[in-house]
Protein chains: 2
Amino acid sequence: MAVSARRGAPLTLEEISSTALRLMDEGGVEGLSMRKLAAELSVNPMSLYHHVDNKEALIRLICSTAAQRMELPPDDGSPWQDQLRALALAYHRNALEHPAMWHHLHNHPEIIADRGLVIWQTLYRILRLAGLPEQELRRTSDVLHAFVTGFVIAETTGHLPPDEVERDFDTAIKLIIGGLAGMSGLSG
Amino acid sequence: MAVSARRGAPLTLEEISSTALRLMDEGGVEGLSMRKLAAELSVNPMSLYHHVDNKEALIRLICSTAAQRMELPPDDGSPWQDQLRALALAYHRNALEHPAMWHHLHNHPEIIADRGLVIWQTLYRILRLAGLPEQELRRTSDVLHAFVTGFVIAETTGHLPPDEVERDFDTAIKLIIGGLAGMSGLSG
DNA sequence: ACCTGAACACCGTTCAAGT
DNA sequence: ACCTGAACACCGTTCAAGT
């Protein structure tokens with residue numbers, strides 16, 4: 001009662017970031033404020049700063065942990081076209097769960113810039129399968145990632161007709177696969 | 001002196017939106033606040049509300065006028081591949097001038113949802129040239145727009161290596177053109 | 001080590017009042 | 001018609017103080 005007035009257990013980083021993510025899911029980026037988050041945790045707003053540098057760092061934390069936890073398709077030996085589609089579907093599903101987080105991720109790509117992350121490793125693996133030369137991997141993966149997040153944002157902002165999104169998704173994938181297939185004979 | 005204390009001429013909507021755009025260009029969306037904008041115009045913050053409903057409406061105004069003023073490639077009879085590239089370049093150049101505006105536009109696509117706008121008409125024209133069936137125009141233009149804005153955001157957020165953006169742009173265009181070429185024989 | 005209250009410098013916006 | 005000042009309900013964050 002002396003240390004933490006209204007709470008039994010002490011605050012944890014996990015608890016902070018998971019409720020923060022929930023607030024973002026519910027009300028967008030503007031739905032998350034340090035003060036609301038503190039209220040949700042029955043804690044003084046300033047207590048949060050003992051676990052997190054500032055709001056930006058908190059959002060960065062949310063985004064990078066969520067990106068790391070994303071379920072990605074394993075290499076099951078199926079054709080690269082199918083694996084690419086499965087990867088895009090993974091993006092797609094995650095974005096529907098956490099639209100606001102993806103918006104932020106899209107506007108702050110440096111958060112997942114690390115090429116060691118599973119998302120990039122998975123994409124690299126698939127592009128190699130598709131026959132892309134090694135020196136084109138960075139470039140092509142960047143372009144594809146930008147394309148797919150662009151699509152997924154359009155989708156979650158309600159831009160696309162809701163009853164058409166599945167076919168729009170098919171068109172997007174078909175475009176990408178067709179484009180990649182035509183890139184086998186790249187000169188550089 | 002009685003009516004407008006520190007200004008000679010009365011406030012105009014044009015004046016408001018152009019300085020607001022400049023503030024966004026200089027400092028991002030967070031660089032634009034109603035109070036800073038008013039200070040920039042040497043006017044009371046509340047005067048703005050006489051010309052604009054609220055901040056959101058102001059940004060919407062900025063975006064839609066800028067989108068309408070965008071310089072788009074005319075139909076010069078050149079192959080659709082060249083015209084598509086020219087259109088993408090127009091997006092690209094505009095985005096470098098007004099990155100914050102494009103971020104907002106990308107996150108609020110409803111602002112340019114109207115298919116009568118020149119951007120859409122231009123894209124439709126090029127896709128028709130490429131041999132796309134009429135019932136695929138809406139879908140394909142949506143996907144391409146999402147792709148290109150996605151790429152352009154990645155570019156303006158500094159995600160792509162600065163000395164590689166040109167070749168990345170080429171890869172993006174090549175992917176799209178290749179994908180479109182493979183879509184001529186669509187069943188539906 | 002962890003939490004807190006008061007305070008600072010900001011926001012967007014409403015509303016009643018001025019000319 | 002156009003502009004204003006005071007006020008309200010919010011922000012993120014610092015800092016000194018508490019246990």
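Note on naming: letters A, B, ... go to the chains in the order of the sequence lines (proteins, then strands), and numbering restarts at 1 for each one.
Remark: Arg35(B) engages no residue in a salt bridge (Lys or Arg N to Asp or Glu O under 4.0 Å) (not counting sequence neighbours).
Applying the ring-ring contact (aromatic ring centres under 6.0 Å, His included) test to residues at least two apart or on different chains, none of the pairs has a partner in residues 10-51 of chain B. For residues 43-60 of chain A, no pair satisfies salt bridge (charged side-chain N to carboxylate O under 4.0 Å, His left out), with sequence neighbours left out.
Where pairing requires Watson-Crick or G-U contacts shorter than 3.5 Å, the helical stems of DNA chain D with at least three consecutive pairs are C:4-8 with D:12-16, C:12-16 with D:4-8.
Taking only side-chain nitrogens and oxygens, Ser47(B) comes nearer than 4.0 Å to OP1 or OP2 of dT4(D). OP1 or OP2 of dC3(C) has at least one side-chain nitrogen or oxygen of His51(A) nearer than 4.0 Å. One finds no side-chain N or O of His50(B) lying less than 4.0 angstrom from the OP1 or OP2 phosphate oxygen of dT4(D).
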For Asp142(A) and Arg115(A): C-alpha separation, side-chain torsions, deciding distance, then whether salt bridge (charged side-chain N to carboxylate O under 4.0 Å, His left out) applies. CA-CA 10 Å; Asp142(A) 273 347; Arg115(A) 295 285 149 164; 2.3 Å; yes

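The environment of CD in Glu26(A) is crowded: more than 12 heavy-atom neighbours from other residues, nucleotides or ligands sit within 6.0 Å.
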Once base and sugar-phosphate atoms are separated, protein heavy atoms under 4.0 Å mark nucleotides 7-12 of chain D, 5' to 3', with B, S and - as B---BB

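Between the side chains of His92(B) and Glu155(B), at least one donor N or O lies within less than 3.5 Å of an accepting N or O.
Across residues 56-66 of chain B, not one residue has a non-hydrogen atom less than 4.0 Å from an atom of DNA chain D.
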